[in-house]
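Chain letters run A, B, ... following the sequence lines, proteins first, then strands; residues in each count from 1.
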Amino acid sequence: MSAPTGVAPTPLGLRLALGAVGVALGLYGAWLLWSRAEPAQVLDALLWAASGVVLHDAVLAPLVLVLVVVGARVVPRPFRAPATVGLVLLGSLTLLAVPVLGRFGERADNPTLLDRDYTAGWVAVAGLVLLGVVVAGLLRRRARHAAGPVAPDPPGPSDRPGPAGR
Amino acid sequence: MAVMSRLAERLPSEDSFRSELRSPTVAARVGLWLGVCFTVCFLTGLVSHYAQNVDHPVPFPASPSWGYRVTQGLHVVTGTAAVPLLLVKLWTVFPRLFARPGRGVRALAVTALERASILALVGSAVFLLVTGLMNSAQWYPWAFSFRSTHYAVAWVAIGSLVVHVAVKLPVIRAALGADVDDTTLDRPRTDRPGTDGPGTDRPTERGGGLSRRGLLRTTWAAAGLAVLATAGSTVPLLRKVSVLAVRTGDGPQGLPVNRSAAAAQVTTDDVGDSYRLTVAHGSRTVELGREDLLAMTQHTVDLPIACVEGWSADATWTGVRVADLLALVEAPADSDLRVTSLQRAGAFGTTALQASFVEDDRTLLALQVNGETLSLDHGFPCRIIAPNRPGVLQTKWVTSLEVLA
């Protein structure tokens, strides 16, 4: 990409040197991975890394796209921005809470690990976020009514997956 | 060929994504903080790995006593904050996944190399966050060793991050230098900021969508919420707020347990009247029962115990100075020690206690915690407690201390 106005161009030499450092660090990591484990373990680790990419790109990202498209059809306009905020807050929090919500690491001999009611905690946070979304939406709707009539709804969200260039 | 080109037409392209929020000005700002989090995570991870090494060419300092607690708290906090940051970052750049490579061998090669570096970056980043979160909840459904694999992949992540910055440096500089609503760097077929779509000038607020600034604020809020909801495991002030923290910080004798006696396969028979601690220095050896240890001068220290898995807690420990034990076998206080536990299962049954800790007055072979005799789960009859060390090295059920030549 050409450098936009106002920013001095970055010297190519600097970028090449940085790139070389990065490649060296990454190769060191690959060597560590390979030299300190059995091939079957390395394969398992690679499988976990690849699954992460596939789950994001082929499951999570399309799911969010569908949620946004559906949300724009069913969620009233003043509630759209608050709902998006709620989705980002609660979606990311829920994903990172999967290990505690599922209690997969629970051990009968160690009651000090996973010693909270995580479902209740999640419900409490989800309730607060939802309350925030509804209150913000109602306030925005009132502000909109106060501002007087507006033009009819434009088409929903512009971020639709579909055939190229149409 | 005709089938292929028809297929290619059906696939989404970069231009299928029109949201003006997916802009380099947004991606660079989220990416900057994501990079900060990953760098802090990497450096604090290196500290922990060095601390766990047997050999310390540069002595690991015993002070400040809270150093390890803070670095490992930071490790888990920045890793947790990185989850929402990474998700939003990936969302903003998702259209790039469908970018068509340029024509010609050279363009294809450059594209392939860049894609490979992105694959390494995303794969390793997701791997680190997922395995790290699972490790803090002690959930290990895989065949590899968590510690060595998490460490190796961290080098891959930081390397591919540096490559990514090198590749994107001109765009990053331009994007960070521009206003977040600047459209100069946007993909050509993106909607203009502050509008509802092509050809309209209605402000976004009216359309109901989020503005770029709104998305950024939401992202910072999501990172903050993630930290607040989990950091209570290591920040006592947050205990009541952190509803998703892996531990409350409470437990028998006011302290959580990482590995129980049952998990380590240590029984009451092992630590009964027949229990003896062996202190060895070359050919000089003394054997001490629990009564012998209690008869020695007792010292009391306040030291935190901090686990790599992201929890830490303060406690008051009472016991015998390790240096005093060494004096019994006429070993100098600046000796390196090998500490052996009675445990039959689990890692770290034998650990190193380096001279920098041995010569510190706060390093004890503790017999009591918080005013009570250690319970079996806390390492009865005695355990090592030293300042500024990983919890896994605070060896429990100690059976021998050997001076290394």
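Close approach to chain B, defined as a heavy atom under 4.5 Å from one of its heavy atoms, is seen in G121(A), W122(A), V125(A) of residues 119-134 of chain A, taken by number.
In this structure the side chain of L25(A) never reaches within 4.5 angstrom of the side chain of V156(B), judged on heavy atoms. Looking at heavy atoms from C-beta onward, V53(A) lies out of side-chain contact with V126(B) at the 4.5 angstrom threshold. Between L87(B) and L60(A), the closest side-chain pair of non-hydrogen atoms falls below 4.5 Å.
Interface remark: of the candidates H56(A), R36(A), R15(A), R15(A) forms the most heavy-atom pairs closer than 4.5 Å to chain B. When L114(A), V42(A), L113(A), V21(A) are compared by the number of non-hydrogen pairs under 4.5 Å with chain B, L113(A) comes out ahead. Chain A forms the most heavy-atom pairs under 4.5 Å with one residue out of A178(B), S242(B), A223(B), and that residue is S242(B). With chain B as partner, the option from V88(A), L93(A), L16(A) having the largest number of non-hydrogen pairs under 4.5 angstrom is L93(A). Heavy-atom pairs under 4.5 Å with chain B peak, among A45(A), G19(A), A50(A), at A45(A). Chosen from V85(A), L95(A), L33(A), the residue pairing most often with chain B at heavy-atom distances under 4.5 Å is V85(A). With chain B as the partner, the residue from G26(A), A97(A), A37(A) showing the most heavy-atom pairs under 4.5 Å is G26(A).
At a 4.5 Å heavy-atom cutoff, the contact between L97(B) and chain A is made by side-chain atoms alone. Proximity to chain A is absent for every atom of A120(B), based on heavy atoms less than 4.5 angstrom apart. In this structure, no portion of L27(A) lies under 4.5 Å from any heavy atom of chain B. For V64(A), the part lying under 4.5 angstrom from a heavy atom of chain B is the side chain only. No part of P95(B) comes within reach of chain A, as not one of its non-hydrogen atoms sits under 4.5 angstrom from that chain. Looking at L46(A), there are no atoms closer than 4.5 Å to chain B (heavy atoms on both sides), in backbone or side chain. At a 4.5 Å heavy-atom cutoff, the contact between T248(B) and chain A is made by backbone and side-chain atoms alike. Interface remark: S117(B) contributes no atoms to any contact with chain A (heavy atom separation under 4.5 Å).
Judged purely by atom type and a 3.5 angstrom limit, Y118(A) uses its side chain to pair as donor or acceptor with the backbone of A245(B). In this structure a side-chain-to-backbone donor-acceptor pair under 3.5 Å is present from R173(B) to A8(A). With hydrogens and angles disregarded, a donor-acceptor distance shorter than 3.5 Å links the side chain of D44(A) to the backbone of A143(B).
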TODO: Could you walk me through whether T218(B) and T84(A) pass the side-chain contact (heavy atoms from CB on, under 4.5 Å) test, one step at a time?
DONE: CA-CA 9 Å; T218(B) 303; T84(A) 312; over 6 Å; no
- [ ] Give the C-alpha distance, both sets of side-chain angles, the deciding distance and a yes or no for side-chain contact (heavy atoms from CB on, under 4.5 Å) between T149(B) and Q41(A).
- [x] CA-CA 9 Å; T149(B) 313; Q41(A) 295 179 313; over 6 Å; no
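Note: L169(B) CG to L14(A) CG = 6.5 Å, rounded to the nearest 0.5 Å. Between the OG1 atom of T112(A) and the CG atom of N258(B) there is a distance of 7.5 Å, given to the nearest 0.5 Å. Interatomic distance, CG of L85(B) versus OG of S92(A), reported as 9.0 Å (0.5 Å rounding). Here CD of Q138(B) is found 15.0 Å from CZ of F104(A). Values are rounded to the nearest 0.5 Å.
The salt bridge (Lys or Arg N to Asp or Glu O under 4.0 Å) analysis of residues 107-130 of chain A, with sequence neighbours excluded, yields the pairs R107(A)-D109(A).
The only option from F127(B), F146(B), W142(B) that meets the ring-ring contact (aromatic ring centres under 6.0 Å, His included) definition with W48(A) turns out to be W142(B).
The minimum heavy-atom distance linking V162(B) with L18(A) is given by the pair CG1-O, 3.2 Å. The shortest heavy-atom contact between A152(B) and L32(A) is CB-CB, 3.7 Å. Closest approach of G29(A) and W155(B) over heavy atoms only: CA-CB, 3.4 Å. Heavy atoms only, all atoms of each residue included: A49(A) and G123(B) are closest at CB-O, 3.9 Å.
Around atom CZ of R103(A), more than 12 heavy atoms belonging to other residues, nucleotides or ligands sit under 6.0 Å away. Applying the 6.0 Å contact sphere to CD of E38(A) captures no more than 12 heavy atoms from other residues, nucleotides or ligands. Crowding of R115(B) atom CZ: a count of heavy atoms from other residues, nucleotides or ligands under 6.0 Å exceeding 12.
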